[in-house]
Structures are given as structure tokens and as C-alpha cells.
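Report on one structure; see the data block that follows.
To find a chain, count down the sequence lines: A is the first, B the second, and so on, and within it residues start at 1. We use all heavy atoms of the structure for the numbers below, so side chains are in, but hydrogens, waters and symmetry mates are not.
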There are 2 protein chains.
Amino acid sequence: MHHLAMDMDMDMNMDMGNPHHLLQFLHTTTTAATANNYYQDRALAAMNNHKEAEKRRRERINSHLDHLRTLLPCNSKTDKASLLAKVVERVKELKQQTSEITEMETLPSESDEITVLSTGGDCDGSLVFKASLCCEDRSDLIPELIEILNSLHLKTLKAEMATLGGRTRNVLLVAADKEHSIESIHFLQNSLKSLLDRSTSTDRSKRRRALDRRLLPLT
Amino acid sequence: MHHLAMDMDMDMNMDMGNPHHLLQFLHTTTTAATANNYYQDRALAAMNNHKEAEKRRRERINSHLDHLRTLLPCNSKTDKASLLAKVVERVKELKQQTSEITEMETLPSESDEITVLSTGGDCDGSLVFKASLCCEDRSDLIPELIEILNSLHLKTLKAEMATLGGRTRNVLLVAADKEHSIESIHFLQNSLKSLLDRSTSTDRSKRRRALDRRLLPLT
DNA sequence: ACGGACACGTGAGTC
DNA sequence: TGACTCACGTGTCCG
């Protein structure tokens, strides 16, 4: 490809920055066109592949950026850099808020609750989640809880239990496989939900008022 | 710049994809070097500026991306696209967590509370405040609340009430005249305080355990 | 004209 | 080898 003779009459007005023209030039001026065309065509095809793949990559990245723009307080004309700066701030902010708040929940409350949320940390490759279950106390709760954790292949890093006035709250720190982390969260959430439903089904009326929340338009 | 004669002896091994070489070539072969050098130098300088500015821009963006990598459960070798995908997920996740949590602020807690604070917003010239009252529920609470608001000439934009286990929380969005806004806040605060004192004086002992809430260091 | 921000095509590297 | 990501330099548009 190098040190080849160049025709004096050739038009130098071609765009030297665009290798396409170079390839075309080679394609039309080589004497032994039969053998070379094959490789040149393959090179062109590879180049087009590369070009379009790169375009798709850019679009993928930009689509995520656009998605982030909708999640943050900023319009569609904010810089990529500024956007990412805001994202960093927001993530830090939300991280701290949730960590502060979730530390308060150790004692059982009067309402049934389930929370499963990502701590963001990881334990040798596995994501760590914090699961909290607050409900009426009963003897088979712990065994069922363990059964759920085992069936979901979740490793329990830490378990905390508190009981007060017949009610109990269990706070678990569990590690989930990174690949199935999202599914694990939802499965765990649903499993705990059904676990809770099984206990509330007997005496639901008692706690129904917990959901009595009204919105009053005054003025 | 176009259609100029090319020396047959020149080394064609130069990188045609790099316009630097083209500029250098032009720079060294033009005959009327005096007039052209000025513009060529300026063009080169502009190009370098552009080049370095673009580099700085890339570095800015990438540094934010690296920062995000430290905030998320992922190593330094994860894709830009995958990283951003995870960021989107995380932001959504945290957003929902915090919104769930702040919704709990509308539920009555077990301790009596009064908060009156400025939202910073304004409604046709009047400042908007957010007032929250959490106490034992009783039938004459709402009438007395309305009486207070009327006597202070506060316009109620929005009222939200929740009851749980005999306790209630009222969150009000009120607009105060701009001139008397400071006095209005204090009056409202004092009025709510006396309103609360009237109810707590009868049965304070019952709720004392509600404040027994401990913070345990996890992790 | 100047700088900032963007999309693009391309060379280089990795797996 | 091909499929992939990245950094780079460039052309181009906008304020």
C-alpha cells in the first residue's frame, strides 16, 4: 500500500482526510485489479461495519444520557459534562439520604412494612441488599424467612431481629449474585409480601385502618 | 490551495488520514511563502486549540464517568454504555426509595411535632409555607385548625391529613401576605403549639415510649 | 472571528 | 480473525 507511483494528472482536490477516497483511488488505478479487488472490497465492508457499529455505540450511550436527562431537573439542552456532573451529585445525595433514613428503622412499627433496597455496596462480586420485614410476630416466621432466602440462593450477611408488643421487625443484609440482582430483588420482595399476606389474612381488619389516608381539598 | 503540482520524489508513505501532514506539506512547498505562512500558521494554531479543547472536553466527561464508577457497584473496566445503564437504574431506584420514604413523612409518627417552614415558592405575590402538625387525634382538631388559619388570614392552598392508630398528621400548604410573612409564621407556630399543648396535657405518659428509638450502627 | 459542544470516521487495542 | 470499546482529530453548527 505504500510507496506506490502516483499519476501526475490526478486531481489533488480530493479530500485527503477521508480514507474512502484513498481506497477508491487504489481501487480504480491498480493494474492487477482481479486479485486486489477482493481484499479491497473486504476492507471496505469491514470499514463500513466498523463505522456503523461505532455509530450504534454512540447512539446507545447518548440514549442513556437522554434518559438521564429526563430523570434529573434539567432540560434537553444541558451539556453532557454538566449533565454527568449533576448525576454524580444526585447519586451522592440520594445515597446519603437513604442511608441516613434506613438506619432509623430497627424497632417494629404499628404498620406492616416490607422494604428491599440496594445498599450499593458489594461483597466479593455480589451486590448487597437490605431487606426489612415488619409484621405481627409468630413462631414460624423465621423458618419461612430462611426458606425464602435459601430458595433464592441469597447469602445472609447479617440478621437483626427486634420484637415489641407482639410485633417484630427483621432487618437482613443479604448478598445477591450480580447477574440476577434485579430479579433477586423482585423475587425477594414478592416472597416477603406473600409471607406477610399469609399472616395478615387471619386478622386483616385490625390493621386496615393503617391505610386510611385521606386527601382534603380545603380553601 | 488546490490543484498544485506535486513532486514526484515525495514520500507517499505519509499518513493520508492525518491533515497535519497535509498542512506541513503545503507549508514547505509553497513558493510565495511570505503571504501564505501567516494564514497557515494561524490555521495551525486554531487547529491545535481546537484539538486540545476537544481533549479537555473528553477528559471532563470521562472524569465524571470515572467518578460514577466509584459510586456504583462496578469495576473500572465496565463499558461506558453499561455504566450509564447502571446509573439510570440506580437513579430510578434511589428516586423511588426516597419518594417512598418522604411519603412516610405524611404518616403520623408517635411523637408530637410541629414544623413551619418556607417553601421558597410564591403564589401571586404571597409567600408559600409548609406547616405540619402531628399529634393525638381528636374531633375538634380540624375546626380549631381552620379557626387559626382564618384568624391569621392565611390562605390554604392544600391540606393533607392522615390518621393511624389514633394519631393524626396534618400537612398544610398555606400562602401568607408578603408584608406580614414573618409575623405570620411565628403566630402560626405559636397557635399550633398551644393547640398541641391543649391535647397533650391530658395524656402525656402514654406516648413516652414512642420516643425510645435507637440507632444501631450496621455494616 | 472565536470558543464550546457535538457527531463523525478512523486507528489502535482487547478478547 | 471479527466483534467490540476507546481516544483521537476533524468538520460543523451555534452563540
Side-chain angles (χ1 to χ4, degrees), chain A residues 1-2 12-27 36 38-70 72 74-88 125 179, chain B residues 1-2 12-27 35-70 72 74-88:
Chain A
M1 246 223 204
H2 298 143
M12 286 303 289
N13 194 14
M14 59 188 253
D15 183 3
M16 305 297 266
N18 191 345
H20 269 304
H21 297 155
L22 179 58
L23 285 175
Q24 283 175 359
F25 166 69
L26 291 173
H27 183 76
N36 283 343
Y38 172 72
Y39 294 103
Q40 291 158 12
D41 288 353
R42 292 210 43 174
L44 255 178
M47 197 137 229
N48 278 335
N49 271 347
H50 184 32
K51 197 201 302 185
E52 290 161 11
E54 182 64 14
K55 184 170 180 63
R56 283 195 298 272
R57 175 178 163 270
R58 278 195 302 264
E59 287 172 346
R60 196 149 24 108
I61 293 176
N62 284 334
S63 90
H64 286 144
L65 290 177
D66 286 338
H67 200 149
L68 281 175
R69 271 181 244 269
T70 68
L72 292 181
C74 72
N75 49 25
S76 60
K77 267 312 281 176
T78 47
D79 267 322
K80 280 185 190 179
S82 319
L83 169 66
L84 288 176
K86 285 184 192 229
V87 170
V88 169
E179 302 160 12
Chain B
M1 251 222 208
H2 298 144
M12 284 304 289
N13 195 13
M14 58 188 252
D15 183 2
M16 305 298 265
N18 192 343
H20 268 304
H21 297 155
L22 179 58
L23 286 174
Q24 283 176 358
F25 166 68
L26 290 173
H27 183 75
N36 283 343
N37 275 349
Y38 173 71
Y39 294 103
Q40 292 159 10
D41 288 353
R42 295 217 32 182
L44 253 179
M47 200 136 225
N48 278 335
N49 271 347
H50 184 34
K51 198 199 302 185
E52 290 162 11
E54 181 64 12
K55 184 170 181 61
R56 282 195 299 272
R57 176 178 165 271
R58 278 195 302 265
E59 288 173 345
R60 197 151 22 108
I61 292 177
N62 284 332
S63 89
H64 286 144
L65 289 177
D66 286 338
H67 200 148
L68 281 175
R69 272 181 242 269
T70 69
L72 291 178
C74 70
N75 51 26
S76 61
K77 270 308 282 177
T78 48
D79 267 322
K80 277 185 191 180
S82 318
L83 169 66
L84 288 176
K86 284 181 193 241
V87 171
V88 169

### Query
If we only count heavy atoms from C-beta on, is the B:Gln40 to B:Leu44 side-chain gap below 4.5 Å?
no
### Query
Quick one: CG on B:Asn62 to NZ on B:Lys55, what's the gap to the nearest 0.5 Å?
9.5 Å
### Message
As an exercise, state the distance from CZ of A:Arg58 to NZ of B:Lys80, rounded to the nearest 0.5 Å.
### Response
11.5 Å
### Query
How close or far is atom C1' of D:dG2 from atom CG of A:Asn48, stated in whole angstroms?
15 Å
### Whole-Å distance separating the NZ atom of A:Lys51 from the P atom of D:dA3
16 Å
Using the 3.5 Å cut-off, write out each protein N or O paired with an N or O of nucleotides 4-6 of chain C and the distance between them.
from, atom 1, to, atom 2, distance (Å)
C:dA5, OP1, A:Asp79, OD2, 2.9
C:dA5, OP2, B:Arg60, NH2, 3.1
C:dA5, O5', A:Asp79, OD1, 3.4
C:dA5, O3', A:Asp79, OD1, 3.0
C:dC6, OP1, A:Lys80, N, 3.0
C:dC6, OP2, B:Arg57, NE, 3.3
C:dC6, OP2, B:Arg57, NH2, 3.1
C:dC6, N4, B:Glu54, OE1, 3.0

### Query
Under 4.0 Å between a side-chain N/O of A:Arg42 and OP1 or OP2 of D:dG2, yes or no?
yes
## Note on the structure
Separation of D:dG2 atom P from A:Tyr39 atom OH, nearest Å, is 12 Å
### Query
Got A:Ile61 and A:His64 here, is their nearest side-chain heavy-atom distance under 4.5 Å?
no
#### Entry: Interatomic distance where CD belongs to B:Glu59 and C1' belongs to D:dC6 [whole Å]
14 Å
### Task
Please name the pair of heavy atoms, one in A:Leu83 and one in A:Leu65, separated by the smallest distance, quoted to 0.1 Å.
CD2-O, 3.5 Å
### Query
Whole-Å distance between D:dT10 P and B:Glu52 CD?
12 Å
### Message
Tell me whether A:Asp79 contacts the main-chain N or O of A:Ala81 through its side chain, where contact means a donor paired with an acceptor under 3.5 Å.
### Response
no
### Query
To the nearest Å, how far apart are A:Asn49 CG and C:dT10 P?
13 Å
### Query
Heavy-atom distance under 4.5 Å between the side chains of A:Lys51 and A:Asn48, does that happen here?
yes
### Task
Could I get the full list of salt bridge (Lys or Arg N to Asp or Glu O under 4.0 Å) partners for A:Arg57, not counting sequence neighbours?
A:Glu54
#### Entry: Main-chain N/O of B:Thr78 paired with B:Arg69 side-chain donor or acceptor, under 3.5 Å
yes
### Pairing stems for DNA chain D [at least three consecutive pairs; Watson-Crick or G-U; under 3.5 angstrom]
C:4-15 with D:2-13
### Separation of C:dC8 C1' from A:Met47 CE (nearest whole Å)
12 Å
